[in-house]
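To find a chain, count down the sequence lines: A is the first, B the second, and so on, and within it residues start at 1.
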There are 2 protein chains.
Amino acid sequence: MTVAKKITINDVALAAGVSVSTVSLVLSGKGRISHATGERVNDAIEKLGFVRNRQAVSLRGGQSGVIGLMVRDLSSPFYAELTAGLSEALEAQDRMLFLTQCGGDGARSERCLSTLLSQGVDGVIIAGGAADTGATLRELAAARGVPLLYASRASYLDDADIIRPDNMQAAQLVTEHLIRRGHQRIAWLGGRSSSLTRAERLGGYCATLLQYGLPFNSDWVIECESSQKQAAEAIGTLLRRNPTISAVLCHNNTIAMGAWFGLMRGGRQGGEGGMESYYDRQVALAAFADVPEAALDDLPVTWVTTPAREIGHTLAGRMLQRINDDEGAPRQQIIPARLVPQR
Amino acid sequence: MTVAKKITINDVALAAGVSVSTVSLVLSGKGRISHATGERVNDAIEKLGFVRNRQAVSLRGGQSGVIGLMVRDLSSPFYAELTAGLSEALEAQDRMLFLTQCGGDGARSERCLSTLLSQGVDGVIIAGGAADTGATLRELAAARGVPLLYASRASYLDDADIIRPDNMQAAQLVTEHLIRRGHQRIAWLGGRSSSLTRAERLGGYCATLLQYGLPFNSDWVIECESSQKQAAEAIGTLLRRNPTISAVLCHNNTIAMGAWFGLMRGGRQGGEGGMESYYDRQVALAAFADVPEAALDDLPVTWVTTPAREIGHTLAGRMLQRINDDEGAPRQQIIPARLVPQR
DNA sequence: TTGAAAGCGATACCAT
DNA sequence: ATGGTATCGCTTTCAA
């Protein structure tokens, strides 16, 4: 493959019959350039197909126009959606995204950040993970004067600039919705007790129940892996033991689907005492969803969605602020969830 | 925020009492450096927390260590998974990913590529989309001597270096599986007739049927939006009109889920003539899946999965080849699908 | 309004 | 085995 000689501002300057300084001024729109000269330079740029070398710009001290993103795992719908939103918003600002997957690993996170910095990013966003090595990472970034932003599903970092979903509000929203629909006995299904997100949501659920003078029964809060099979079994057991439960709040969409299958099966089997009763009574399902609204499963379920894409947009906006005028005060931005009532 | 002065090789050289050339040689492991000097330099690097500026390297003519990725839409599970795999494999090679979302838009694609090139990427991968502007894009990349690789869900580019899933084989695989399980009358549900992926899959399905001497009936191939509701209705209509059908092949997981609901509902409603018959006969479902195996829905369905992550890995490997020794011959690499029999 | 020249950080050739 | 230095493409004073 023959590599055409790269076009530089020198070539442009030559073609336009001006100096490189002039070309640079035209490019950046600074300095007062006569209209005629501007025209000629732009023509030359057009004709030669010149594209400005950002690395040289950045080396000289300018911005690279690149934001680094460290994401725990891109294949998770939540982070994929967040990343898509972030990339979208950045591109609208003529910036780009540098992507790394840092996993949960601390040492790996440091290497990732180092790489990002060595590439001259204007800022770094850490989405999920890297909670433990927070201090080291922040020192690294601070030493380079690069703004660091966090996006997280739960609020484990109090003193950092962070954007996150409002898990508590989400739980309150959906719990209140169920109550308004007449449910008095609402159970919880799914998630591991070690999950911070779950803890926050449970807080909102619990608070709302008490606020409405309804019973909060810890036997009605069931831990469960995110597996349809396990959820289906778990809801069966739950309802058999507690036949008065009229609504179940599911930790995520997998749980919701499993729960629904569980209800179907229970109803279908029929004639087994308690089993058919709750189907006939139409136990209501509600669930938290990780996916964008358009991708919600078509189940008879009320969803609460965390607007991951919106979080991405917000991150882009906040990063722009940080880059332009570094208001040092760490700040928390909390993005509310939306309710999608059962259709 | 106080920005610590950036550490350069000059600082390292000073600290180690050697020249910058020596530091550079130690960094790149070229030239013969005495062990003692090497030690001293590395100590200084460690002590000062020096990180090499890749922009300067790249400006001087070295590699940037960055691969550009233009992806149609990151929030689609297939591309998210592909991107995750690619990023994973690249990081193992000490390279990074530059991400852009180019949508389907031609002009936008050109701008994306331009930006990538201006950032000094060592190579570019286009995943989905940008089919129409192929020629322009390739010229742009070629002019800069940057290798261009395609990843696509269907084979619309014959003369390019491309990696893609084997849609035909996938369809053959699953169709054959159904036949071996004793199904003779297999219908197709889902997808739009304008979809290239679907066309290729239909080809495999059709070929396999004929190969086994089974009837291929175009009335049994149903177009359908990827919506659970529509799929549920469509399968109902299909089976009512063609009660002899014993298996249905679904274009994706949404269709599969809808189809399954359709079967459930049909079975449940009972007593409506044809409606109950097909439920009792246990119509088998099989489906193509976009998601990784671990994320498959827990349905009584036989899945064929396109290994998106593997495609990502393969892309990384091929890109490495292209960067190192540019064997110009465009080459197609076709990644086979895997069967996940109904559990 | 425009041009000349210094310098950003790293590399590699040419000396020593 | 090391050191000096021109160079990559661009921005930015300082002069003209």
Sequence neighbours left out, cut at 3.5 Å: what donor-acceptor pairs do the side chains of residues 111-120 of chain A make with other protein atoms?
residue	atom	partner	partner atom	Å
A:Thr115	OG1	A:Arg111	O	2.8
A:Ser118	OG	A:Thr115	O	2.9
A:Gln119	NE2	B:Ser64	O	3.0

Residues within [range] bordering DNA chain D, heavy-atom distance below 4.0 Å:
range: residues 48-57 of chain B; result: none
range: residues 58-68 of chain B; result: B:Leu59, B:Arg60
range: residues 34-44 of chain A; result: none

Subject >> Sequence-distant partners of A:Asp122, salt bridge (Lys or Arg N to Asp or Glu O under 4.0 Å), two or more places apart >> reply: A:Arg95
Original post:
Using a heavy-atom distance cut-off of less than 4.0 Å, which residues of residues 8-15 of chain B contact DNA chain C?
Top reply: B:Thr8, B:Ile9
Please output the side-chain donor-acceptor pairs of residues 39-48 of chain A that fall under 3.5 Å, not counting sequence neighbours, one pair per line with the distance.
residue	atom	partner	partner atom	Å
A:Arg40	NH1	A:Ala16	O	2.9
A:Asn42	ND2	A:Gly38	O	3.2

**OP:** Scan for ring pair (Phe, Tyr, Trp, His ring centres under 6.0 Å) pairs involving residues 95-117 of chain B, sequence neighbours excluded, and state none if there are none.
**Re:** A:Phe98-B:Phe98
Subject >> Residue pairs, two or more places apart or on separate chains, that pass ring pair (Phe, Tyr, Trp, His ring centres under 6.0 Å) and touch residues 23-50 of chain A >> reply: none
Subject >> Angle of first-five versus last-five pair axes in the helix from C:dT1-D:dA16 to C:dT16-D:dA1, to 10 degrees >> reply: 40°
**OP:** Any salt bridge (charged side-chain N to carboxylate O under 4.0 Å, His left out) involving residues 8-30 of chain A? Give me the pairs, sequence neighbours left out, ordered by first then second residue.
**Re:** A:Lys5-A:Asp11
**OP:** With sequence neighbours excluded, give me every salt bridge (charged side-chain N to carboxylate O under 4.0 Å, His left out) pair touching residues 77-93 of chain B.
**Re:** A:Arg108-B:Glu91, B:Glu81-B:Arg309, B:Glu88-B:Arg309
